[in-house]
J.: 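There's a structure below that I have some questions on.
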Amino acid sequence: MHRAIQTAIWSRQAQWLLSQSRRRLGSMFTLEIAYEGKWVVVADPDLIKQVFTGDPKVFHAGEGNDVLRPLLGEHSLLTLDEAAHMSQRKLLLPSFHGRRMAGYEATMREIAAREIESWPTGVPYRLRPRMQVMTLEIIIETVFGVHGGARLDELRAALRDFLDMLTNPRMIVPILGLGPDRLRSYPPFRRRVDRVARLILGEIAERRAAADLEERDDILSLLVAARHEDGSPMSDAEIHDELLTLLVAGHETTATALAWAVERLVRHPDKLARLRDEVRAGEDAYLTATIQETLRLRPVIVIVIRRLTEAIELGGYELPAGVNVVPSIHLVHRDPTIYPEPDRFRPERFLEAPPGTYTWIPFGGGVRRCLGAAFAQQEMAIVLRELAARWTIRPADPAAERPFRRAITETPRHNAEVILS
Ligand code: HEM
């Protein structure tokens with residue numbers, strides 16, 4: 001197919017394009033999308049392991065995320081490679097360690113309970129936008145450390161407006177079409193990016209001057225206190241870019257995963273009932289398995305990208321420098337040799353066998369594995385627990401919702417519409 005046709009299909013039906021290509025071409029094939037170089041899609045876990053554990057100097061993920069650079073900046077963890085990437089990743093890692101994660105739990109629970117309590121009963125209600133409200137609120141409190149007041153309202157409004165632009169399905173055309181450099185000067189884009197930057201820089205300045213920095217446990221405060229290996233603090237630009245990265249990487253993804261969890265559960269009342277019973281009994285095993293199965297069957301992101309800086313051999317093929325090697329999350333998760341009846345929603349499969357490092361990859365892998373994987377799963381568990389324990393939920397329409405592409409993530413077409421009682 002011509003590159004333009006592949007791009008058009010990719011932007012609407014990425015999963016279909018991946019599955020059809022595997023059916024016709026096998027577990028390794030080439031796609032050509034938009035202005036990107038060649039993608040060599042890989043669906044075999046052994047080869048994906050080679051890619052994830054390969055030399056970060058050869059497998060560049062940051063370069064593969066070029067499209068995000070005008071949004072997130074030069075210092076974003078997502079767009080850096082090699083030593084620069086490792087150095088930022090080390091500064092961010094402590095924010096996601098166990099003790100810190102436990103500290104975010106109460107905030108997550110409070111926000112989830114307040115939000116879920118406010119939902120209407122007896123009428124069709126779309127949960128995906130509400131999940132986004134919740135994940136945004138959780139990030140503003142745990143990452144930015146802003147609680148209440150006019151500043152919170154202003155920051156929330158600016159972030160909302162910025163994120164709405166990104167997730168607007170119509171934005172995929174300028175994002176893919178203009179390319180990173182021209183996108184930067186596209187006025188609707190520029191205006192929102194500048195407003196968010198002004199507010200974030202204001203928060204950073206305030207935090208640098210705060211007397212209680214040591215006692216604060218939000219991520220912004222941790223970054224203000226963090227030091228590079230040579231003892232120097234992070235610059236305003238670095239902190240700005242990482243905060244925005246956490247926001248963009250963590251907000252819509254988690255909200256979408258939650259929307260899918262509900263979308264699947266309400267169409268499997270026996271599984272929803274089991275979840276509710278176990279959650280009420282204080283058991284978490286089925287809850288964890290439900291989250292794992294949701295992320296397997298409806299991975300929010302269907303591929304990850306590594307751009308080669310030198311030629312390699314992979315799966316018996318010579319791949320030249322410049323090619324993008326693309327492990328396909330979607331294809332691995334639907335491989336019937338790994339997951340019998342791969343299209344069925346069956347959390348029980350993860351009670352029978354735990355997920356494998358290279359066969360369950362909703363968060364990617366290797367030195368680029370999602371920094372927020374534990375954060376996201378904790379948040380999902382808290383929200384689903386609150387939801388299942390409190391409400392009886394049924395679908396507004398019995399037909400399953402199909403995946404729908406919203407700029408970067410794949411969301412339920414009708415936004416997980418349910419009726420609560
Ligand atoms: C269900 C929710 C989420 C999913 C499915 C998800 C998925 C992913 C994936 C597939 C990657 C790329 C991994 C790779 O290239 O191998 C990634 C990277 C990343 N994610 Fe997540 N993510 C989620 C939530 C979050 C949250 C909540 C945060 C932060 C609060 C976050 C922060 C990041 C960051 C910073 C990276 C870049 C890591 C690096 O390049 O070193 N994500 N995520």
Side-chain angles (χ1 to χ4, degrees), residues 42 48-49 51-54 56 59-65 68-69 72-73 75-93 95-96 100-101 104 107-108 131-132 134-136 138-144 218-220 222-223 241-261 291-307 324-330 332-333 357-358 360-384 408-411:
V42 184
I48 290 178
K49 179 176 181 186
V51 176
F52 283 163
T53 57
F59 295 91
H60 271 190
E63 223 185 306
N65 287 332
L68 297 173
R69 204 180 305 271
L72 304 179
H75 303 285
S76 165
L77 191 63
L78 276 167
T79 59
L80 292 173
D81 281 305
E82 300 189 28
H85 166 259
M86 241 333 138
S87 128
Q88 291 300 111
R89 193 165 162 111
K90 278 193 189 144
L91 292 167
L92 283 166
L93 268 173
S95 300
F96 295 94
R100 290 285 169 189
M101 293 299 306
Y104 307 141
T107 309
M108 290 178 174
M131 296 295 190
Q132 286 211 355
M134 207 164 5
T135 58
L136 179 61
I138 286 172
I139 286 185
I140 290 177
E141 296 227 1
T142 58
V143 176
F144 292 79
D218 56 88
I219 295 181
L220 168 54
L222 284 172
L223 297 185
D241 293 358
E242 299 316 353
L243 290 182
L244 214 51
T245 298
L246 296 179
L247 172 76
V248 168
H251 151 265
E252 199 203 340
T253 44
T254 314
T256 302
L258 277 166
W260 276 124
I291 292 167
Q292 289 162 341
E293 177 68 340
T294 301
L295 290 169
R296 179 193 71 80
L297 190 60
R298 294 288 185 272
V300 175
I301 294 171
V302 295
I303 52 146
V304 294
I305 299 182
R306 303 287 186 267
R307 187 167 298 166
N324 297 293
V325 178
V326 177
S328 171
I329 297 169
H330 169 72
V332 173
H333 288 185
T357 310
Y358 301 103
W360 186 78
I361 51 169
F363 297 105
V367 294
R368 306 304 298 234
R369 187 170 188 269
C370 175
L371 202 62
F375 187 100
Q377 289 170 95
Q378 171 170 313
E379 186 175 343
M380 287 180 73
I382 289 171
V383 172
L384 291 176
I408 295 169
T409 59
E410 304 260 342
T411 63

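Order of listing sets the numbers, starting from 1, for every ligand and every atom in it.
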J.: Can you measure from CG (Leu77) to CD (Glu242) and round to the nearest 0.5 angstrom?
T.: 5.5 Å

J.: Just verifying a value: how many Å separate Asn324 CG and Ile303 CD1, rounded to the nearest 0.5 Å?
T.: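 Spacing of CG (Asn324) from CD1 (Ile303) equals 9.0 Å.
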
J.: Classify the contact between Arg306 and ligand 1 as side chain, backbone, both or neither, using a heavy-atom distance cut-off of under 4.0 Å.
T.: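 Under 4.0 Å from ligand 1, Arg306 contributes side-chain atoms alone.
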
J.: Short list, please: which atoms of ligand 1 are under 4.0 Å from a heavy atom of His85?
T.: 39 (C), 40 (O), 41 (O)

J.: Under 4.0 Å from a heavy atom of Phe375: which atoms of ligand 1 are those, numbered in the order shown and with their elements?
T.: 27 (C)

J.: Provide, to 0.1 Å, the distance between atom 13 (C) of ligand 1 and the closest protein heavy atom, together with that atom's residue and name.
T.: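 The protein heavy atom lying closest is Arg368 O, 3.3 Å.
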
J.: Just which atoms of ligand 1 are under 4.0 Å from any heavy atom in Ala257?
T.: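 Counting from 1, the qualifying ligand atoms are 1 (C).
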
J.: Could you tell me, atom by atom, which parts of ligand 1 come under 4.0 Å of a heavy atom of Gly365?
T.: 16 (O)

J.: Does Thr135 use its side chain to pair, donor to acceptor, with the backbone of Gln132 at less than 3.5 Å?
T.: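 Between the backbone of Gln132 and the side chain of Thr135 there is a qualifying donor-acceptor contact (under 3.5 Å).
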
J.: Between Thr245 and ligand 1, does any nitrogen or oxygen pair lie at a separation below 3.5 Å?
T.: no

J.: With distance as the sole test, does Thr409 use its side chain to make a donor-acceptor pair with the main-chain N or O of Thr411 at under 3.5 Å?
T.: no

J.: Applying side chain to side chain donor-acceptor pair (under 3.5 Å), which residue pairs with at least one partner in residues 360-369 are found, sequence neighbours left out?
T.: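 Found Asp81-Arg368, His85-Arg368.
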
J.: I'd like to know if the side chain of Gln378 and the backbone of Ala374 have a donor-acceptor N/O pair within less than 3.5 Å.
T.: no

J.: At a 4.0 Å threshold, what atoms of ligand 1 neighbour a non-hydrogen atom of Leu78?
T.: 36 (C), 37 (C)

J.: Can you find a side-chain donor-acceptor pair between Thr107 and Glu141 that sits under 3.5 Å?
T.: no

J.: For atom 21 (Fe) of ligand 1, which protein N/O/S atoms are closer than 2.8 Å?
T.: Cys370 SG

J.: Pick, from Thr256, Leu295, Val304, the option with the minimum heavy-atom distance to atom 12 (C) of ligand 1.
T.: Val304

J.: I'd like to check which ligand 1 atoms, numbered from 1 as shown, lie under 4.0 Å from a non-hydrogen atom of Leu77.
T.: 35 (C), 38 (C), 39 (C), 40 (O), 41 (O)

J.: So is there a nitrogen or oxygen of Arg369 less than 3.5 Å from a nitrogen or oxygen in ligand 1?
T.: no

J.: Any idea which atoms of ligand 1 are less than 4.0 Å away from a heavy-atom of Pro362?
T.: 5 (C), 7 (C), 10 (C)

J.: Could you grab the distance from atom CZ of Phe375 to atom OG1 of Thr142, nearest 0.5 Å is fine?
T.: 3.5 Å

J.: Can you tell which of His330, Arg298, His333 makes a side chain to side chain contact (heavy atoms under 4.5 Å, CB included) with Pro362?
T.: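 Running side chain to side chain contact (heavy atoms under 4.5 Å, CB included) over His330, Arg298, His333 with Pro362 returns exactly one hit, His333.
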
J.: Can you measure from CZ (Arg296) to CD1 (Ile361) and round to the nearest 0.5 angstrom?
T.: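 One gets 12.5 Å once the value is rounded to the nearest 0.5 Å.
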
J.: I'd like the name of whichever of Met86, His251, Gln88, Arg89 reaches closest to atom 41 (O) of ligand 1 through any heavy atom.
T.: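 Residue with the shortest heavy-atom distance to the ligand atom: Arg89.
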
